Amino acid sequence: MKKILLKKQSINTNLTKISYKINYELDLNKSQYDAVMHNEGAALVIAGAGTGKTRTLVYRVARLIEDGVSPESILLLTFTRKAAKEMLRRASLLLDGRCEQVSGGTFHSFATNILRKYADLINYQRTFNIIDQSDSEDAINFVRNKIINEKTNKRFPTKSTLQKIYSLSKNSVTSYKDYIEENFSWFSDYYDEIENIFYLYDDYKLKYNLMDYDDLLINLLKLLKESEIARKEINNKYQFIMVDEYQDSNRLQHEICLYLAGEKQNIMAVGDDAQSIYSFRGANHQNIMFFPESFGDCKIYKIEENYRSTSQILDLTNFIINEAFFKYEKKLYSPRSDGDLPKIVITKSEREQSLIVTQLILEYRENGIPINEIAVLIRSGFHSFDLEIELEKANIPFVKFGGIKFIETAHIKDMIAYLRVIYNQKDALSWQRILLLLEGIGPNKANKVLNLIANNQVSLNNYDSIDLGKQSIIVKDLFAFLNEIRKSKSSVADKCTLIAEYYRPILQNKYDDWQKRWRDIETYLNISERYESIEALLQDIALEPPVESVSELTPESKENEYLTISTIHSAKGLEWKVVFIIWALEGKFPSAKATENIDTMEEERRLFYVAATRAKDYLIITYPINIYDRESGSVLSEPSRFISNIPENFVEKFVVANE
DNA sequence: AGCAGTGATGTTTTT
DNA sequence: CATCACTGCT
């Protein structure tokens with residue numbers, strides 16, 4: 001039995017007597033100051049776009065530390081690790097290195113770290129592997145194939161639909177039955193089969209020591225709920241909880257927060273209901289409004305003064321959000337009234353849009369705006385393909401965030417699968433993947449090996465009993481090779497290089513464009529150099545994958561300044577002097593998929609709002625008119641509904657002159 | 001049992 | 001423009 005160490009912590013609540021290094025009153029406005037000085041008990045901070053939300057969090061971290069709270073006992077949960085790092089860096093600049101000691105990360109990475117420690121309490125081994133969405137779909141497909149029969153041959157949900165139902169019902173803490181009835185009622189005939197698949201899927205993961213993204217949260221909650229020992233240790237360690245971007249948390253995360261807050265309820269949630277853009281992940285934009293009800297006593301702070309944008313930009317964004325069907329009690333105001341009006345540029349074609357955006361970027365740069373103060377924001381990853389070509393022609397260095405990441409490509413997943421079986425030998429999903437790469441091995445023979453592994457008859461250092469006839473040798477060679485790497489004392493990067501050499505002939509055989517893919521592998525090898533353990537590498541790849549998309553990201557463009565192209569979701573919390581929003585066309589943004597449903601439509605509006613509020617000084621919205629759209633088979637020619645009825649004096653409109 | 005070739009299919013957003 | 005499921009061939 002583990003012994004619980006209780007450490008007494010004295011928090012000086014008598015604020016007036018302390019003399020701080022930082023002059024909080026001078027550095028902050030009144031509402032920020034109040035939030036920063038919030039001491040114990042629950043609090044909700046509603047902070048509009050650009051109102052210094054990060055600043056408030058950073059100052060509160062510093063303030064708590066100045067008051068004698070030990071940095072490790074502050075837990076800062078953010079949406080991305082990048083955000084957490086940035087905050088801690090700023091806090092360190094403000095105060096000192098102690099701020100770097102603050103605990104923090106995403107819900108998922110925090111959960112992973114906790115679960116690695118307490119895995120045995122929830123019947124897992126601590127070397128569990130984390131599987132991403134597509135892995136999860138594959139595993140679901142595996143069990144799905146066992147369930148489908150004559151009755152289920154038509155209109156039975158696909159693996160990706162099943163994964164979605166599974167994930168959303170878990171994230172919203174709703175039973176499968178209720179969730180299907182409410183959201184996928186057309187599948188209710190198949191309810192028994194679907195539920196069965198989900199049970200089998202859970203068994204599968206437990207058996208092979210795998211967790212999907214949802215399991216990380218579910219198992220953390222389970223641990224907090226069911227193990228008093230773990231809960232006490234965790235509560236004792238993390239005395240002050242701060243959660244950023246609360247509007248994008250879901251029910252499951254909310255329940256975790258309740259347990260993390262513990263009896264003391266020292267939790268501060270920060271967010272903006274008008275910026276909720278993650279409902280597809282089970283977030284509900286009303287969640288944040290329910291937050292106070294979960295606590296006996298919850299203070300609410302509102303911050304409304306915007307320091308980011310000019311009042312010209314805010315006039316436009318206020319207009320956009322006030323058109324929302326469900327009203328937000330929100331009007332941001334700004335002391336900066338010296339700006340240009342936002343521009344709307346209408347072009348004839350996508351080509352012309354790309355050309356004009358490129359040209360404007362060059363003009364802004366000539367006028368002294370550094371290129372890394374400029375961003376192009378897009379609704380979907382592929383909206384920038386044409387622009388990317390144009391930017392390359394014009395020699396404008398750029399980095400693209402969001403969209404398909406190179407980590408998600410088949411060849412990189414293959415590479416990672418080798419590492420994963422070394423780390424967790426039971427990982428059937430990865431075994432399956434790498435076995436199928438071998439010549440003469442199909443699903444059946446792979447399955448044979450999988451069963452041997454599952455029954456502990458075969459492992460990396462005991463594989464003599466494998467008998468697959470002619471193919472035995474090639475499989476045994478794979479085992480021998482992986483076992484060598486497992487035992488080897490060489491660096492992670494060296495191990496990855498060996499794997500790459502092993503994989504290279506397979507790659508060449510499998511893909512015509514193997515040279516392009518090999519370059520990705522070289523990038524991957526470079527990344528692997530940053531890690532000292534396979535565990536750390538795998539964890540980062542699963543939870544904080546390198547954000548850069550597949551791209552010809554040259555080393556020098558990374559060093560120097562670059563233009564940012566980003567999906568709006570990936571641009572959350574960031575800001576630039578100049579922001580372009582391209583493809584503001586009905587059918588693209590809002591996406592054609594969202595138009596049927598009022599809730600998804602409203603989310604598109606908030607998304608547009610988030611995009612526009614990223615701009616500090618200049619906002620340029622563009623769209624091409626008369627575009628034939630293959631998807632819907634129609635001609636798109638209407639400007640986005642979010643900008644079509646903007647009052648004339650709020651924007652300047654441009655069209656490209658005919659030559 | 002494995003594999004290659006074919007035809008359909010569908011392409012938000014992310015941990 | 002892939003990937004994916006399916007089919008028929010070896």
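The chains referred to below are lettered A, B, ... by the order of the sequence lines, with proteins before strands, and numbering in each begins at 1. Remember, predicted model here, so these are calculated numbers, not experimental data. Side chains are part of it too, since the values below use all heavy atoms of this structure and drop only hydrogens, waters and symmetry mates.
Note: CG (A:Asp138) to P (C:dC4) measures 8 Å, nearest angstrom. For the pair A:Ile130 CD1 and B:dT15 C1', the interatomic distance rounds to 10 Å; values are reported in whole Å. For A:Leu607 and B:dT14, the CG to C1' distance is 13 Å, given to the nearest whole Å. Nucleotide B:dT13 holds its P atom 12 Å from the NZ atom of A:Lys588, rounded to whole Å. Protein atom CG of A:Asn171 is 9 Å distant from nucleotide atom C1' of B:dT15, rounded to whole Å. The nearest whole Å value for the distance from the CZ atom in A:Phe385 to the P atom in C:dA2 is 9 Å. Taking atom CG on A:Leu377 and atom C1' on B:dT13, their separation rounds to 13 Å, with Å as the unit. Across the protein-nucleic acid pair, A:Gln432 atom CD and B:dG2 atom P stand 12 Å apart, rounded to whole Å.
What you find for A:Ile277 and A:His569 is that their closest heavy atoms are O-NE2, 3.0 Å. A:Asp138 and A:Lys159 make their closest contact through OD1-NZ, 3.4 Å (heavy atoms, listed as atom of the first residue, atom of the second, distance).
Base engagement by A:Gln133 is indicated by at least one non-hydrogen atom pair under 4.0 Å involving a base atom. Using a 4.0 Å heavy-atom distance criterion, A:Ile441 is classed as a sugar-phosphate-only contact. At the heavy-atom level, A:Tyr278 lies under 4.0 Å from the strands shown only through sugar-phosphate atoms.
Here A:Phe280 counts as stacked on B:dT13: its ring centre is under 5.5 angstrom from the base ring centre and the planes meet at under 30°.
In the set B:dG2, B:dT15, B:dT13, the nucleotide with an atom closest to the side chain of A:Pro443 is B:dG2. Among the nucleotides C:dC4, B:dT15, B:dT14, the one closest to any side-chain atom of A:Lys159 is C:dC4. In the set B:dT15, B:dG2, B:dT13, the nucleotide with an atom closest to the side chain of A:His108 is B:dT15.
The phosphate of B:dT14 (OP1 or OP2) has a side-chain N or O of A:Ser570 nearer than 4.0 angstrom.
We find that A:Asp135 and A:Lys413 are joined by a salt bridge, their nearest charged nitrogen and carboxylate oxygen being less than 4.0 Å apart. Salt-bridge check for A:Arg517 with A:Asp414: failed, with every basic side-chain N at 4.0 Å or more from each acidic carboxylate O.
A residue-by-residue look at A:His569 and A:Gly442 shows that A:Gly442 has its nearest nucleotide of DNA chain B further toward the 5' end. Nucleotides of DNA chain B nearest to A:Ser591 and A:Asp214 differ in position, and the one nearer the 5' end is that of A:Ser591.
A distance of 6.0 Å or more separates the ring centres of A:Tyr503 and A:Trp518.
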